[in-house]
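These notes concern the structure reproduced below.
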2 protein chains.
Amino acid sequence: MSASPERREELLATAAEVFAAQGYNATTVRKIADAAGMLAGSLYYHFDSKESMLDEILSTFLDELWARYDAVLEAGLGPRETIEALVTESFREIDQHRAAVAIYQKESRHLQTQPRFAYLADSQARFEKAWLGTLERGVATEVFRADLDIRLTYRFVRDTVWVAASWYRPGGQHSAEEIARQYLSMVLEGIALRE
Amino acid sequence: MSASPERREELLATAAEVFAAQGYNATTVRKIADAAGMLAGSLYYHFDSKESMLDEILSTFLDELWARYDAVLEAGLGPRETIEALVTESFREIDQHRAAVAIYQKESRHLQTQPRFAYLADSQARFEKAWLGTLERGVATEVFRADLDIRLTYRFVRDTVWVAASWYRPGGQHSAEEIARQYLSMVLEGIALRE
DNA sequence: CTCCTTCCCTAACAAGTGTTTGGTAGGTTA
DNA sequence: TAACCTACCAAACACTTGTTAGGGAAGGAG
């Protein structure tokens with residue numbers, strides 16, 4: 001009936017790895033069970049469906065992400081410092097929840113249509129509001145360029161950060177903070193040499 | 001036995017739309033047939049498997065992409081002009097083969113492992129060689145910044161371009177060339193206001 | 001020892017999967 | 001008219017899918 005929370009988390013972690021590597025639909029419960037060293041049916045002692053595993057992975061990821069984002073947004077920083085902090089927190093999140101982020105990237109678009117995953121659309125809306133608002137504030141205070149389509153800029157900044165989840169591996173030669181620093185340097189200053 | 005090439009292309013186009021919207025594994029042959037206004041079995045008059053549809057979509061896409069890239073790379077342009085031309089051609093490709101690009105983005109990573117799709121890995125290697133080489137040339141000739149990790153820069157430029165396929169819709173308010181121009185401006189000059 | 005809980009296995013289920021086989025309406029060719 | 005080809009349908013196939021039901025080993029509690 002009831003299962004220990006530690007075992008749940010273990011199984012969710014391995015499930016997330018398989019989901020991230022193979023894609024949710026391509027992942028069978030038997031593959032997850034294999035990776036966990038048990039049989040398919042045994043998973044249903046801990047979870048009541050494959051979909052609820054995905055749900056739990058994504059919702060706990062988003063909960064933690066927003067805890068970090070809210071802390072940044074409520075700190076009263078300037079536009080540029082806010083962007084820097086949001087990007088840095090994003091890379092930290094990628095560092096610690098790489099699999100969940102990769103799943104979110106791949107699956108959230110078509111999951112949003114299902115009622116069960118409506119919170120993905122809500123989160124995306126808050127996401128857009130936070131980033132777009134900060135960018136607009138930066139344009140108004142002459143911190144960011146005014147000659148760019150701001151919506152395009154938003155997508156640009158957002159995507160450059162989160163696609164990193166598709167290639168980033170923790171324990172590589174760059175730390176999350178170092179990658180954030182270089183990304184910010186590219187996004188803010190550009191890659192062309194100034195004379 | 002044999003089918004007309006025009007009908008094949010029609011069916012491949014609708015199949016690509018469904019693959020891009022739902023993901024390859026989540027797309028059943030019955031859904032493709034539905035979208036094409038026929039029954040599942042009828043698809044096998046034109047194609048010998050679902051996988052060969054995917055194969056044909058991706059390989060024809062890559063063939064056309066490389067025809068464009070090779071033309072740019074053989075033009076003898078400077079590093080900055082080469083990057084600009086590659087980015088512009090990429091956005092034109094996204095404009096004209098949005099579905100194929102979206103599929104490539106989503107599925108190529110785990111398809112590469114299958115022998116049938118080994119050409120995806122080959123293409124990615126050529127891809128990296130072309131972009132990395134141009135960036136290195138730019139650093140050597142003092143056109144691009146030398147203080148950045150060049151491999152990180154490569155992933156940055158590559159990703160910022162191709163993720164656009166996930167939200168770009170042809171016929172929007174910006175043309176492919178206009179988006180390319182703004183993207184290049186952000187990547188090269190940065191989004192921060194210079195004083 | 002006995003009871004109970006935790007955690008997993010064995011074995012099956014119904015539904016959905018990609019694919020095949022045989023047939024057939026309609027047009028083209030001879 | 002007769003033979004033929006194109007493009008599809010109808011119905012089934014073997015297999016995989018997520019999920020369920022009953023059982024049992026291990027270990028702690030009384």
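Proteins come first, then strands; the chains are lettered A, B, ... in the order of their sequence lines, and each starts at number 1.
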**Report entry** Members sharing A:V163's hydrophobic cluster (side chains within less than 4.5 Å)
**Finding:** B:V163

Report task. Could you list all the salt bridge (Lys or Arg N to Asp or Glu O under 4.0 Å) pairs where at least one residue sits in residues 19-34 of chain A, not counting sequence neighbours? Result -> none

Query raised in the report: Between B:H46 and D:dT6, is there a side-chain N or O to OP1/OP2 distance below 4.0 Å?
Result: no

Report task. Please test B:Q182 against B:E178 for side-chain hydrogen bond (donor to acceptor under 3.5 Å, both in side chains), starting from the C-alpha separation and ending with a verdict. Result -> CA-CA 6 Å; B:Q182 292 220 30; B:E178 171 63 16; 3.1 Å; yes

Report task. Go through residues 12-28 of chain B and report each residue with a non-hydrogen atom lying under 4.0 Å from DNA chain D, sorted by number. Result -> none

Requested in this report: Could you list the residues that satisfy ring pair (Phe, Tyr, Trp, His ring centres under 6.0 Å) with B:Y168, not counting sequence neighbours?
Outcome: none

Report summary line: Residues at least two apart in sequence or cross-chain that pass ring pair (Phe, Tyr, Trp, His ring centres under 6.0 Å) with A:F47, listed by chain then number, are none

Requested in this report: Mind calculating the distance between CD (B:E51) and P (C:dT19) to the nearest angstrom?
Outcome: 8 Å

Requested in this report: Round to a whole Å and report the spacing from CZ of A:F47 to P of C:dT6.
Outcome: 16 Å

**Report entry** Atom pair distance, as rounded to whole Å: NZ in A:K50 and P in C:dG16
**Finding:** 15 Å

Query raised in the report: Could you go step by step and tell me if A:R145 and B:S185 meet the side-chain hydrogen bond (donor to acceptor under 3.5 Å, both in side chains) rule?
Result: CA-CA 11 Å; A:R145 291 168 58 183; B:S185 181; 2.7 Å; yes

Query raised in the report: Hey, is CZ on A:R151 packed in by over 12 heavy atoms from elsewhere, all under 6.0 Å?
Result: no

**Report entry** Whole angstrom value for the distance that separates C1' of D:dT20 from CG of A:D48
**Finding:** 13 Å

Would you tabulate the nitrogen or oxygen pairs shorter than 3.5 Å linking the protein to nucleotides 9-14 of chain C?
from, atom 1, to, atom 2, distance (Å)
C:dC9, OP2, A:L39, N, 2.7
C:dC9, OP2, A:S42, OG, 2.7

Query raised in the report: Are A:S90 and A:Y69 close enough, and set up right, to give a side-chain hydrogen bond (donor to acceptor under 3.5 Å, both in side chains), and what steps lead you there?
Result: CA-CA 9 Å; A:S90 300; A:Y69 272 23; 2.5 Å; yes

Query raised in the report: Can you check the A:K31 NZ to D:dT19 P distance for me, whole Å?
Result: 16 Å

Query raised in the report: Is the shortest distance from a Lys or Arg side-chain nitrogen in A:R194 or B:E189 to a carboxylate oxygen in the other one below 4.0 Å?
Result: no

Query raised in the report: Would you say B:Y45 reaches D:dC8's phosphate, i.e. side-chain N/O to OP1/OP2 under 4.0 Å?
Result: no

Query raised in the report: OP1 or OP2 of D:dT20 sitting under 4.0 Å from any side-chain N/O of A:Y44?
Result: no

Report summary line: Atom CG of B:L43 and atom P of C:dG18 are separated, to the nearest Å, by 10 Å

Query raised in the report: Quick one: is D:dC8 close enough that its OP1 or OP2 comes under 4.0 Å of any side-chain N or O from B:R7?
Result: yes

